[in-house]
Participant: 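The structure that follows is given in the form of structure tokens.
Just so it is clear: chains get the letters A, B, ... in the order the sequence lines come, proteins before strands, and each one is counted from 1.
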2 protein chains.
Amino acid sequence: MSTVATDTPGPQTLMVRPEDCPDFAAGAAILGTGGGGDPHIGMLMAQAALDKHGPADLVKLEDVPDDAVVLPIAMMGAPTVMVEKLASAEQFVESIRSIAKYLGVEPTHIACMEAGGVNSMIPMAAAAELGLPLIDADGMGRAFPELQMVLATLCGVQAAPMSISDEKGNSIVLETVSNKWAERLARTATVEMGCSTIVSLYAMTGAQVKNAFVPGTLSLCRELGACISYSRHHAGSAKDAVISRLGAVQIAEGKISDVERRTTSGFARGRAELTTAEGTVEIEFQNENLLVRRGGDVVATTPDLIIGLDTDTGEAVTTEQLRFGTRISLIVSPADERWHSAGGLELAGPRYFGYDTDPVRPVEFRR
Amino acid sequence: MSTVATDTPGPQTLMVRPEDCPDFAAGAAILGTGGGGDPHIGMLMAQAALDKHGPADLVKLEDVPDDAVVLPIAMMGAPTVMVEKLASAEQFVESIRSIAKYLGVEPTHIACMEAGGVNSMIPMAAAAELGLPLIDADGMGRAFPELQMVLATLCGVQAAPMSISDEKGNSIVLETVSNKWAERLARTATVEMGCSTIVSLYAMTGAQVKNAFVPGTLSLCRELGACISYSRHHAGSAKDAVISRLGAVQIAEGKISDVERRTTSGFARGRAELTTAEGTVEIEFQNENLLVRRGGDVVATTPDLIIGLDTDTGEAVTTEQLRFGTRISLIVSPADERWHSAGGLELAGPRYFGYDTDPVRPVEFRR
């Protein structure tokens, strides 16, 4: 719990208050690149916990002590299911307690493995519930569909021991030989448990987190959210403000004319067709947007952030929300440079997802 | 490890020596009712451990102290796969240590959850490796395909916390809300881990084991095995000796004329057709033999033990070994009476397996 009273003037960026949740969630949905779960659901879960327990401290990555005991928490599964099966605050607490007990440690900080509507917000709820500070950073600087797809994997940090728990009261602790095996076993367990679970994984020291995380992600989420909420009451385009804050480029604008989706192997997979003045653009996704084609040519790919914004409001449109007639501005934001290393591309580049192409970046990002 | 030297005259029934393994395995395969894994593989694993570490003590169920810490161990998965992917002694030790560490206990006894070619023998290997005594009993008095199908479930004992480990080095600890959920989660994990794992589950006190186990199962296995090995060098039918020792009845004798099998959801499922002088008999199995039909009429069902014996040698024929031309004597042996209670039938009666029939018992067992 925060030691700073909510009415004390002070650095607002150093705490998460209930009233900040809408901005955090709106920004997190943008970095979620179509996945990461429903921002509204994530916001409600965080707000409920912060309302009950008071604000959570938000600690800059550089200020985390090297010997901190950092326990990240996330929701795993298909976003299609997450929106219908809310996790409870007890599940967050149980998940962290279960892995802490297994490891024989006392956690000092909660962390966020991915940016996204739900997975940026659940750590806030957990931090509030547990009275622990939250680190202003995340494990990838975006959302990705599989759990080994974090910069921590590149740094040699093990996902396991990891805990998995469901809303019925079942829980699992995994010890695995690789992060890819953690993904395989956690995914099949999650599917069997009903396609949505709470996981705690990548337990790290402060020193490891400083090496493996993307700094400032949660502050960035709030700023992106503020771009949107500010524009609601003032002149100026929210979408342009978001693009500018991200250093992103717009690659298409139009209306969704077709969506195919299926929930298989615990993922929401599919493709969407965007009809623009310059022709048809295709977006492929697996929870997150992964690749964009125009006239058969690949024009953008993972690991860069491929984001659909509502053209009018600047708000993120998740792959779950895509439907015929939605007006979308498709933008691409540069991923953390570590994702463009050989190891990063092996983990989450287009070939990993089965696309026979090297990564394609907008000309503005090429050096 | 046994404190009795192997050359000391003494009660042979109170220890498991490498040279006893063939009889134990042959008898266990009989109680395995077609499942429980390949007896030869089970024998080799137990023999190797007993050769290396010396004999294991076999303790009568009634002699187990009430405050004993009993950890059962078993192999989970499809027998089709078990015979191709041997478990190592390290896996047994790791499995027991992992659950003991999780529970914060020091095991005093190893136990056997089911009778069967592999699952009666693995506890012997584990007991030898760990230098712990083995209890002369098992959790069902036969083999069954799902892990909640033990008398312990009827007594309210929880399967979880349970450990699951594979040969690659991955391991899992489950905490579940019911034994049925333990089965569901362990089964999907086992399938993902390659259809064969080592599990430790139903950790119990001595008092609980005395209530929930079938006494004397391992001694019975050895006696049944001795019936077979004795007949090899002496006059008399091994098959008749086995039938007599079990109090079983023969319901058919003939040649296998057809076998259908498929490995689905981690089980070996199928049916076999036995051509006899009196017509065709059908055997349905899911790892274990579950139901027998003659001319469309059900003549025997689970929970009684439906056992195929090689007519010439009296040895058990597992469902894996069934093939065109095998000469089989099909016998039925009465299950522990607790399996015929309402709760027992709900767990493992014919309706649980999807057969629209009450249990059918040979007339000799009816009262």
Participant: With rounding to the nearest 0.5 angstrom, report the CG to CZ distance, Asn170(A) to Arg184(B).
Facilitator: 9.0 Å
Participant: Roughly how far, to the nearest 0.5 Å, is the CD1 atom of Ile164(B) from the CD atom of Glu175(A)?
Facilitator: 13.0 Å
Participant: Around atom NZ of Lys101(A), are there more than 12 heavy atoms of other residues, nucleotides or ligands at under 6.0 Å?
Facilitator: no
Participant: Do Met193(A) and Leu185(B) have side chains that get closer than 4.5 Å, going by heavy atoms?
Facilitator: yes
Participant: Roughly how far, to the nearest 0.5 Å, is OG1 of Thr188(A) from CZ of Arg187(B)?
Facilitator: 13.5 Å
Participant: Got a sec: does the CZ of Arg97(A) have more than 12 other heavy atoms crowding it under 6.0 Å?
Facilitator: no
